[in-house]
Structures are given as C-alpha cells and as structure tokens.
Amino acid sequence: MTISTSNIPTSSIDPFSEEYILEPYAFHEELRQLGPVSYLSDLGAFVVTQYEYVKEVLNQPLVFCSGAGVGISNFKKDPPWRVPSLVLETDPPDHTRNRAIISKALSPIALRALKTQFEAEANLLIDRLLEKRNFDAVKDLAEAFPLKVFGDAIGITPHEREKAIIYGNMVFNGMGPKNELLKQAMSRADEINPWIMSVCQRDNLSKSGLGIQIYDAVDSGILTEMEATTLVRSFLSAGIDTTAHAISNAIYSFVSFPEQWLKLKANPQLSKSAFEETLRFESPFQTFFRTTTSNAKLGNYVIPENEKVMLSLGSANRDPLQWENPDIFDISRITTGQLGFGTGIHGCVGQMLARAEVEALLQVMAKKVTSIRFTGEPKRLLHNTLRGFESLPIEFI
Ligand code: OVV
C-alpha cells in the first residue's frame, strides 16, 4: 500500500465558524467519513476525528508534540501570548518532572479529605438554590461550585475569584485562531495576566491548600520560584472553566433526556457514570492541537513535519465505530475509554479531583432536587475550544 503526504483528503469545513461551534456533530460525521486525517484548507491545519486515530495521536507524544503549543498557533513561528504552561505546553523530559510535582499534590489521601468538603459545599449550594428556585445554572451553579470548592482546594484568595473564569476563557479561546472570540477574550489581558500570576505566588496562597505544596519543589531545589508560580497557574487554567462547563452540560443533558434524570434519582450512585457520560456526550474540552516533530504516519497517510494537527475529542467521543447510539445520552452505558480527559502522558492530571467535585454535586442534586426545567431559552457559548453554555435559566423544585 502506498503511503503519501499528497493524497490526504482536503475539506473546507471551518471548525471555528459560528455554525460549527454551535452544532459540530454533523461536521464531525463528515470529517470522520473522510478517513483518519484530513487537511482543513481554510485553517491550514490537519484534523483527526475518528476515535481510533485521536487515541493513536495522543499515544505518540514525541511525534505529535505539545511543546509548540496545543492551540492552532505554532510557538516556533508565533510567540505565545503567555509564559507557556510547564505541563500542558511541554514535552518530556521537562513535562515528566513537572507533571510528577503536580501529581504528588493530587494524591489519593489529599483527594479523600477534599471529597468530604465537596459534599458539604454541594449540600449548602443545592439547598440555597432550591430555596431560590429560579436561577441561572451557569453562573449560580456551574461556575459558583468549582470557584468555591476548587478555589478553596488550591488555596487562592476568595477576593475577586471570578477573575479565574475570565482567565480560563483567555486560555481556551487563546487556543483558536485570531478571530473575534479570541480578541474578545483577550480584551482584559493587561489586567488579568498580572492578577493570575499574583494569586499563584507563594505568599498569596493559603498554608493548607494544594497550591502551596508545589513550592516544596522549590525548597528541595527542583524548581525555581517562578516555575512554581507557573505550575500553580496550571491548576487555575485547567481546573475551573472545564469543570464549570461539564456541570452545565450535565444539567442540559438531564433536561433534554428526562428519563435519565429519573434514572439518576432512582439510583444516585449513578452520578459517577453520569459524569463520564456527560464528558463523552458533550465534551467540554472539544479540541486541542499537536505539532508533528517529523513526518508522521497516520493510517496510510503521512503528515509532514512541523504541521499543526487538530484533535477532535468531541468527535472521537461520538464515533459510531466506537460507541453504540453515540448521539444518545445514557448514564448507564459503559463509558470506559471516553476521551474527554484526553489520554496518554498528557491525560488530565486533575481528573480524579474533577470527578470528586462533580460526583458530589450530582449525588446531592439527585437526592434533593425533584425536577429541573428550563424557564427560558438556553444560550450556547460561542467559544474556540470549550463546549458549554452562556446561560441556562432553570427552575429547581
Ligand atoms: C489542561 C490545561 C488546559 C489549559 C491550561 C493548562 C492546562 C495549563 O497548564 O496552563
């Protein structure tokens, strides 16, 4: 069989068009039909949408690297807008060292203690929202919960914490092309950039949170003070908006599939698989990019060196070759292998913490909330990377 760079199918689909962002699934299907990889002529990048090949790319981190950025921009050609992440936008051996430092802070013992706090806060929040009855599930629930519990877990100051949402928006919209969404997200960069670096400094972190533990690596001579600050920043870049949109997407999915809500209420233990199914069905982190470090074989094709490759996790998670009835939200399905957290050496390092948060919340909701309904039109978020909602007006009874 011939292996060639020239016969890769081309598509004029623009994954950053408003149409695609709002409803990507038919476009995913069209791209999956084209084969393991296609070239997006408008974007000037390759795209991988089939489950098998998204996974294959993620499992070859040296051929498909992260050090040149995981957005559309190639750091070798365009300077990054922020100090690059020491874990997301880096490759072994630096990545290995830095990830191990974060992993250590997220130990199973630390998570066990946090779980109790998450449950207590979930109870408080859901009680308050049941009393309020009508509210915006995005601001008042999906954002409020991780801002409180994750912010406390990391140990950042409660003062102006909502700015972390704005920062997350910069990070994730910043992975897209220089479109209106990116410009809009970056409009407060001059204020938000120094703010985020300041909250991540040693002296501004609580003595009992996970953030300050990163500075142990400075004390043992492994990291510089600035590197530790940048690593703490990763917690806040990756851990708030993503979880918030996962919560919004779970609520939206339960209202859209009411029989699944009844299933969860009948068995709150299903909150674990409900969260996994939400990540599969409406993956908050829809896409990221890799950069080829050499000619890179994929199926019977070869992607040339130093090219950007877009990976569609959202598409892989609905690939009919992998999933039965992929467009149905079913919390009792076996979700093993869903790629919402990525996989391989860059697979989400905070996934156990995210699970502890959302499972606690869904369990409390299943026990305390009888019914959820929309009281207005849900407004989808226009965003370069994240799938979620701008607002979800709902009623809790
Ligand atoms: C997984 C993720 C997303 C966004 C930012 C970062 C990580 C980071 O390390 O900065």
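Along the sequence shown, residues carry numbers from 1. Start at 1 and go down the list; that is how both ligands and their atoms are numbered.
- By the 4.0 Å N-to-carboxylate-O rule, Arg380 lies close enough to Glu282 to be salt-bridged with it.
- Every atom of ligand 1 is numbered from 1 in the order shown, and the set under 4.0 Å from a heavy atom of Ser237 is 5 (C), 6 (C), 8 (C), 10 (O).
- Of the protein's non-hydrogen atoms, Ala238 CB, 3.3 Å is the one closest to atom 2 (C) of ligand 1.
- When each atom of ligand 1 is checked for a heavy atom of Val171 under 4.0 Å away, the hits are 4 (C), 5 (C).
- Numbered from 1 in the order shown, with element, the atoms of ligand 1 that lie under 4.0 Å from a heavy atom of Ser234 read 8 (C), 9 (O), 10 (O).
- Linking Ile, Leu, Val, Met, Phe, Trp and Tyr residues whenever their side-chain heavy atoms come within less than 4.5 Å leaves Val70 and Leu43 in two separate clusters.
- Atom numbering of ligand 1 starts at 1 in the shown order; those under 4.0 Å from a heavy atom of Val87 are 9 (O).
- Judged by a 6.0 Å distance limit and a 45° cone about the ring axis, Arg280 is positioned over the six-membered ring of Trp323.
- Of the protein's non-hydrogen atoms, the one nearest atom 3 (C) of ligand 1 is Phe172 CZ, 3.5 Å.
- The side-chain tip of Arg355 does not point at the ring of Phe275 from less than 6.0 angstrom away and within 45° of straight on.
- Under the 4.0 Å criterion applied to side-chain N and carboxylate O atoms, Glu131 and Arg128 are not assigned as salt-bridge partners.
- Atom numbering of ligand 1 starts at 1 in the shown order; those under 4.0 Å from a heavy atom of Ser85 are 8 (C), 9 (O), 10 (O).
- The distance criterion of under 3.5 Å between nitrogen or oxygen atoms is met by Arg82 with respect to ligand 1.
- Ile331 and Ser273 get closest at one heavy-atom pair: O-OG, 2.9 Å.
- Of the protein's heavy atoms, Leu88 CD2, 3.6 Å lies nearest to atom 6 (C) of ligand 1.
- Between Phe172 and His383, the ring planes are tilted. Angles from 30° to 60° get that label.
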